[in-house]
Peer 1: 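Sharing a structure, written as structure tokens. Questions coming.
Keep in mind that the numbers below use all heavy atoms, side chains included, and drop hydrogens, waters and symmetry copies. This is a predicted model, so every value here is computed, not measured.
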Amino acid sequence: HIPHDDIVFASGESDIRPSEEHKLNTTLGDLKAALARHGKQLKIELYVAGYTDTVGNGSDNDRLSEARARSIARWYRKKGVRVAILYAGFGERVLAVQTGDNIDEARNRRALYILSNGPPAGRAVPNARWKKL
């Protein structure tokens, strides 16, 4: 897991706002350092997992979370990350903050960045269907 400040997405949106890019730039340095440290010993891939809050219906949130993860993955590719990048969306199935239905909670609109030599598993990424960028 690459520690980072979460990108704050507007509710219902998957575009990375210019005001949020500094967070990705900071994480990019940490990501490149980790790749330099471990990338020669292992075939490392970057996995980006996207999530939503509970506003809207489940299938729309699945698509939205995948679009958010893809936006972040594309941003890293554009900035020169050359390892394989995979992404998946988990909608509202893995909430960071437990809420009721239709609750606008920014902390649930987030992403995880995971460097691994194989698909990650666990509670945060249940039954992932990773897509390659």
Peer 1: What distance separates Lys79 NZ from Arg74 CZ, expressed to the nearest 0.5 Å?
Peer 2: 16.0 Å
Peer 1: Can you get from Leu86 to Trp75 by hopping between Ile, Leu, Val, Met, Phe, Trp and Tyr side chains that sit under 4.5 Å apart?
Peer 2: no
Peer 1: Evaluate side chain to side chain contact (heavy atoms under 4.5 Å, CB included) for Ile7 paired with Arg68, printing each intermediate quantity in order.
Peer 2: CA-CA 10 Å; Ile7 300 301; Arg68 288 174 175 167; over 6 Å; no
Peer 1: Other residues, nucleotides and ligands only: do more than 12 of their heavy atoms fall within 6.0 Å of CG on Asn127?
Peer 2: no
Peer 1: Distance check, rounded to the nearest 0.5 Å: Leu42 atom CG versus Lys40 atom NZ?
Peer 2: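 Reported to 0.5 Å precision, the distance equals 13.0 Å.
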Peer 1: Could you tell me whether Arg17 atom CZ has more than 12 heavy atoms of other residues or ligands within 6.0 Å of it?
Peer 2: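 Count over threshold, so yes.
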Peer 1: Mark yes or no: Arg110 above the aromatic ring of Tyr51, with NZ or CZ under 6.0 Å from the six-membered ring centre and no more than 45 degrees from the axis.
Peer 2: yes
Peer 1: Heavy-atom count check: over 12 atoms from other residues, nucleotides or ligands less than 6.0 Å from Arg129 CZ?
Peer 2: no
Peer 1: I'd like to check Leu112 versus His1 (side-chain heavy atoms, cut-off strictly below 4.5 Å). Are they in contact?
Peer 2: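 With C-beta onward as the side chain, the pair touches.
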Peer 1: Any donor and acceptor pair, going by atom type alone, linking the side chain of His4 with main-chain N or O of Ala111 inside 3.5 Å?
Peer 2: yes
Peer 1: Work out which heavy atom in Pro120 is nearest to a heavy atom in Ile114; give both atom names and the distance.
Peer 2: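 Looking at all heavy atoms of both residues, the closest pair is CG-CD1, 4.0 Å.
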Peer 1: Roughly how far apart are Leu24 CG and Glu20 CD, rounded to 0.5 Å?
Peer 2: 8.5 Å
Peer 1: Is Thr99 close to Asp53 at the side-chain level, that is, under 4.5 Å between some pair of heavy atoms?
Peer 2: no
Peer 1: Linking I/L/V/M/F/W/Y whenever any side-chain heavy atoms sit under 4.5 Å apart, do Tyr47 and Tyr87 land together?
Peer 2: no
Peer 1: If you group Ile, Leu, Val, Met, Phe, Trp and Tyr by side-chain heavy-atom gaps below 4.5 Å, do Leu133 and Phe90 land in one group?
Peer 2: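 No, because Leu133 and Phe90 fall into different hydrophobic clusters, even though each may have its own neighbours under 4.5 Å.
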Peer 1: How far apart are the closest heavy atoms of Val125 and Ala49, and which atoms are they?
Peer 2: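 Taking every non-hydrogen atom into account, CG1-CB, 4.1 Å.
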Peer 1: Should Val94 and Ile2 be counted in the same cluster of Ile, Leu, Val, Met, Phe, Trp and Tyr side chains packed under 4.5 Å apart?
Peer 2: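 No, Val94 and Ile2 fall in different hydrophobic clusters.
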Peer 1: Hey, is the main chain of Gly91 close enough, under 3.5 Å, to the side chain of Ser65 for a donor-acceptor pair?
Peer 2: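 Checking the backbone N and O of Gly91 against the side chain of Ser65, a donor-acceptor pair under 3.5 Å is found.
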Peer 1: Would a distance-only check, ignoring hydrogens and angles, find a side-chain to backbone donor-acceptor pair under 3.5 Å from Glu13 to Asp15?
Peer 2: no
Peer 1: Where the side chain of Asp6 meets the backbone of Val8, is there a donor-acceptor pair that is under 3.5 Å apart?
Peer 2: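 Side chain of Asp6 to backbone of Val8, a donor-acceptor pair under 3.5 Å: no, none is there.
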Peer 1: Can you name the nearest heavy-atom pair linking Arg123 to Pro126, along with the distance?
Peer 2: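 Smallest interatomic distance, heavy atoms only, reads O-CD, 3.3 Å.
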Peer 1: Pick from Thr52, Asn61, Asp104: which one makes a side-chain hydrogen bond (donor to acceptor under 3.5 Å, both in side chains) with Arg109?
Peer 2: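 Exactly one candidate clears the test, Asp104.
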Peer 1: Are any of the side-chain heavy atoms of Phe9 and Ile72 separated by less than 4.5 Å?
Peer 2: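 Touching, per the 4.5 Å side-chain cut-off.
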Peer 1: Do we see a donor-acceptor contact under 3.5 Å between the side chains of Trp130 and Glu45?
Peer 2: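 Distance-only check fails for Trp130 and Glu45.
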Peer 1: I'd like to know if the side chain of Asn108 reaches the main chain of Ala96, judged simply by a donor and an acceptor atom lying under 3.5 Å from each other, with no hydrogens or angles considered.
Peer 2: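 Yes, because the side chain of Asn108 sits within donor-acceptor range (under 3.5 Å) of the backbone of Ala96.
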Peer 1: Side-chain heavy atoms under 4.5 angstrom apart, residues restricted to Ile, Leu, Val, Met, Phe, Trp, Tyr: same cluster for Val48 and Val83?
Peer 2: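 Val48 and Val83: one cluster.
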Peer 1: Measure the spacing between NZ of Lys32 and CZ of Arg82 and express it to the nearest 0.5 Å.
Peer 2: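 Separation between the atoms: 9.0 Å.
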Peer 1: Please work out whether the ring planes of Tyr113 and Tyr76 are parallel, tilted or perpendicular, with thresholds of 30° and 60°.
Peer 2: perpendicular
Peer 1: Answer yes or no: is there a side-chain heavy-atom contact under 4.5 Å between Asp5 and Thr26?
Peer 2: no
Peer 1: If we only count heavy atoms from C-beta on, is the Glu66 to Lys131 side-chain gap below 4.5 Å?
Peer 2: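 A side-chain contact exists here, since the closest heavy-atom pair is under 4.5 Å.
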Peer 1: Main chain of Ile16, side chain of Ser71: is a donor-acceptor contact present, judged purely on distance under 3.5 Å?
Peer 2: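 Side chain of Ser71 to backbone of Ile16: no pair is present.
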Peer 1: Work out which heavy atom in Ser19 is nearest to a heavy atom in His22; give both atom names and the distance.
Peer 2: O-ND1, 3.0 Å
Peer 1: I need the minimum non-hydrogen distance between Val81 and Leu28, along with the two atoms involved.
Peer 2: CG2-CD1, 3.7 Å
Peer 1: Please find the pair of heavy atoms, one from His38 and one from Ile44, that lie closest to each other, and give the distance.
Peer 2: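 The pair with the smallest heavy-atom distance is CB-CD1, 3.4 Å.
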Peer 1: Apply side chain to side chain contact (heavy atoms under 4.5 Å, CB included) to Ile103 and Val55, showing your working.
Peer 2: CA-CA 6 Å; Ile103 302 297; Val55 174; 5.7 Å; no
